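The shown structure was predicted, so the numbers you read here are calculated from the model rather than taken from an experiment. Proteins come first, then strands; the chains are lettered A, B, ... in the order of their sequence lines, and each starts at number 1.
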There are 2 protein chains.
Amino acid sequence: MKKYKQRKDLKNKPKAPTLIDVARVAGVSPITVSRALNQPDMVSEKAREKVQKAVEKTGYLPNLVAGGLATRSSHLVALIVPTVANPIFAETVRAINETLAEYGYQALLGLSGYNRDQEQDLLEAILCRRPDGIILTGLDHTDISLRRLHASQIPIVETWDLGDDPVDALVGFSHYDVGKEMAAYLLGRGYQRFAAVTADDSRAAKRLEGFTDHLAEAGIKHVPTNVIQTPARFSRGRSAFGTLLDQGVKCDAVYCSSDTLAHGVITEALSRGLRVPEDVAVIGFGDLDFAEASLPSISSVKINGADIGRVAAQALVAKMTADDNDPPPQTLVDVGFSIMQRDSA
Amino acid sequence: MKKYKQRKDLKNKPKAPTLIDVARVAGVSPITVSRALNQPDMVSEKAREKVQKAVEKTGYLPNLVAGGLATRSSHLVALIVPTVANPIFAETVRAINETLAEYGYQALLGLSGYNRDQEQDLLEAILCRRPDGIILTGLDHTDISLRRLHASQIPIVETWDLGDDPVDALVGFSHYDVGKEMAAYLLGRGYQRFAAVTADDSRAAKRLEGFTDHLAEAGIKHVPTNVIQTPARFSRGRSAFGTLLDQGVKCDAVYCSSDTLAHGVITEALSRGLRVPEDVAVIGFGDLDFAEASLPSISSVKINGADIGRVAAQALVAKMTADDNDPPPQTLVDVGFSIMQRDSA
DNA sequence: TTGAAAGCGCTAACAG
DNA sequence: CTGTTAGCGCTTTCAA
């Protein structure tokens, strides 16, 4: 039985058992252990059993760092979202995590805080880990990010938006159209005086633009708007609407860039003795659980964060596992949206 | 000028520039590039400049997989939480991410779904990546998980709980005490008939136990309780309370295992014409934004998820960077909690 | 079916 | 201050 070289523990670091340890115990060569674990069909049943026992005896856990270096594939996916404090992204993160895990991938989470520069830094740090794929939120990246993304040759899926010039694959919906539909919806129900409470991120801006554009086409040029900083919090929605009212704004419908803000707006309205939706209707965005299940007086644009996550992860997996000679699957998915009515107006 | 061996591109995989490429361009040895990047002080200014230029020219991004293998340190931290759908965990995740990033670490996120077996699987997958540290939620792990954790020799911080037998460091608070304090708080305000709406995870169970124990000491033996499945959602809280009321339960105060459930309970109460807190008071747990900022009629146990995350991450960093001959910093932090009053009762 | 040799890209150790 | 050498733990290639 041959001996295999063993590391000599330079810094007496705590050492986990290695393939070589297992091989020694099993009485086979390291490569046989490797195959028994990763390509069992290539190995005799006898060898497989010996290896299996040795693995249990040593408590061996493969070192994916070394494996990744050798195969140049990390089975790691970079996932960058603005925040997990927004439930809609939390749901997307969950779905992505789950779907990736099904295919043997793991997600490295980065939180960009709705900030392109922070995204760029995250991206740099993450690219150093040589992920097999990347999932980004939105289409709005710095030039440097874009350059790195293109140079990296790594499959990429952008999510939560639709646009002309994705880096690679794209899974989302049109925020501009969402805004237009929200306007059309309210106009169709007879509302005439509008106000808006919106966050300042780029997708919220697109929705607001769609909203005001559509109103403008209908002859309504003026929409008092209060822009709050991300992250959109209940409390900020509440105070933002309070400010508008204090400024003497009169409206029969309030546009909100998210359900969280809408919820705050409703609370503020109620606390001032306004009835919702009789005195003032409120429309939000995001399909939070509380919007769907309970608020008796809110309409909301329904987005399925889990769907987006699942579809995005699947698209990415397809790209990551595509053969080099396959035609590159140029994915582009419009997951759509719908307006959900929860009020009696 | 010496030449350094270069990979011969077995599978014509897309190749990112390597240290050797940079060394060639800079006209120095690879190790000098490595040092210029990681230990600039060990290198002459001239060399540093040459390397800097070569890096820019080649668009080089270091390969941390290779570096990690060589140094046996990944600068990766495993982070396992039950869910990010619960805002309190979302906040913890954010704080941990942020704090780790400050020290040059990155988090690998795993979602256990409040499930020990799922946690075990995640742990196995993550340990294969040889993280430098591990942050877990709670003290409740499978035997296999515990064995692996101990065997791994990796610094570990458990969070969100306090207990006798942590694997390593521990940052949290006593859920049992939280429950007792909630009971004491309500008793002190004169409430006498209680009901409970609670999730079925292990920490929620501890809180409920503290709550009912304290009430029992005060002679109140019966607390109608509706246990809902995790994840605790607004809608579930609402229907859980509805069920209790339908069963004829009379109460003047409702204990909820989280603010999300409390919010649902309040909505259900209001929708049935009950005034909160005049007819029924509601107490929750978690300090969500909406509880703090707005609900006029809820009391809540205030927990600072960001604090826990920050403290936990710092404790972990301290352990990860501790010298082998230093005494092991046996961290144990009780971050405490407080009850926040938002009602006028 | 199994093994030996040669790296993956980087850095620790030990000279110079 | 800079370079040489020898791995880190695994897998690929090529032989047997």
- Item | Residue whose closest nucleotide on DNA chain D lies nearer the 5' end, B:Arg130 versus B:Lys46 | B:Lys46

- Is the phosphate of C:dG9, meaning OP1 or OP2, less than 4.0 Å from a side-chain N or O of B:Thr18? no

- Note on the structure: In short, B:Gln106 meets A:Ile126 closest at the heavy-atom pair NE2-CG1, 2.8 Å

- May I ask you to evaluate whether B:Asn63 reaches the phosphate of C:dC8, defined as a side-chain N or O under 4.0 Å from OP1 or OP2? no

- Query: Between B:Leu69 and A:Val43, who's closer to the 5' end of DNA chain C by nearest nucleotide?
  - Reply: A:Val43

- Could you give the CG-to-P distance, from B:Leu64 to C:dG9, as a whole number of Å? 14 Å

- Task: Could you go through the side chain to side chain contact (heavy atoms under 4.5 Å, CB included) check for B:His141 and B:Gln120 one step at a time?
- Result: CA-CA 8 Å; B:His141 318 294; B:Gln120 179 182 312; over 6 Å; no

- Distance in angstrom units between B:Glu45 CD and D:dT2 P, rounded: 11 Å

- Whole angstrom is fine here: how far is it from CG in A:Leu37 over to P in D:dT12? 13 Å

- Message: Using the rule side-chain contact (heavy atoms from CB on, under 4.5 Å), only one of B:Asp168, B:Ile154, B:Leu136 pairs with B:Leu149; which is it?
- Response: B:Leu136

- Taking only the side-chain nitrogens and oxygens of B:Thr32, find out if one of them lies under 4.0 Å from OP1 or OP2 of D:dT2. no

- Query: Nearest to the side chain of A:Met42 - C:dT2, C:dG3, D:dC10?
  - Reply: C:dT2

- Task: Report the nucleotide, chosen from C:dA12, D:dT11, C:dC8, that has the shortest atom-to-atom distance to any side-chain atom of A:Ser34.
- Result: D:dT11

- For the side chain of A:Arg35 and the base of C:dG3, is some donor closer than 3.5 Å to an acceptor across the two? yes

- Message: Is the phosphate of D:dC8 approached by B:Thr71 (side-chain N or O, under 4.0 Å from OP1 or OP2)?
- Response: no

- Message: Going by side-chain hydrogen bond (donor to acceptor under 3.5 Å, both in side chains), A:Gln52 matches just one of A:Glu56, A:Lys50, A:Arg48. Which one?
- Response: A:Glu56

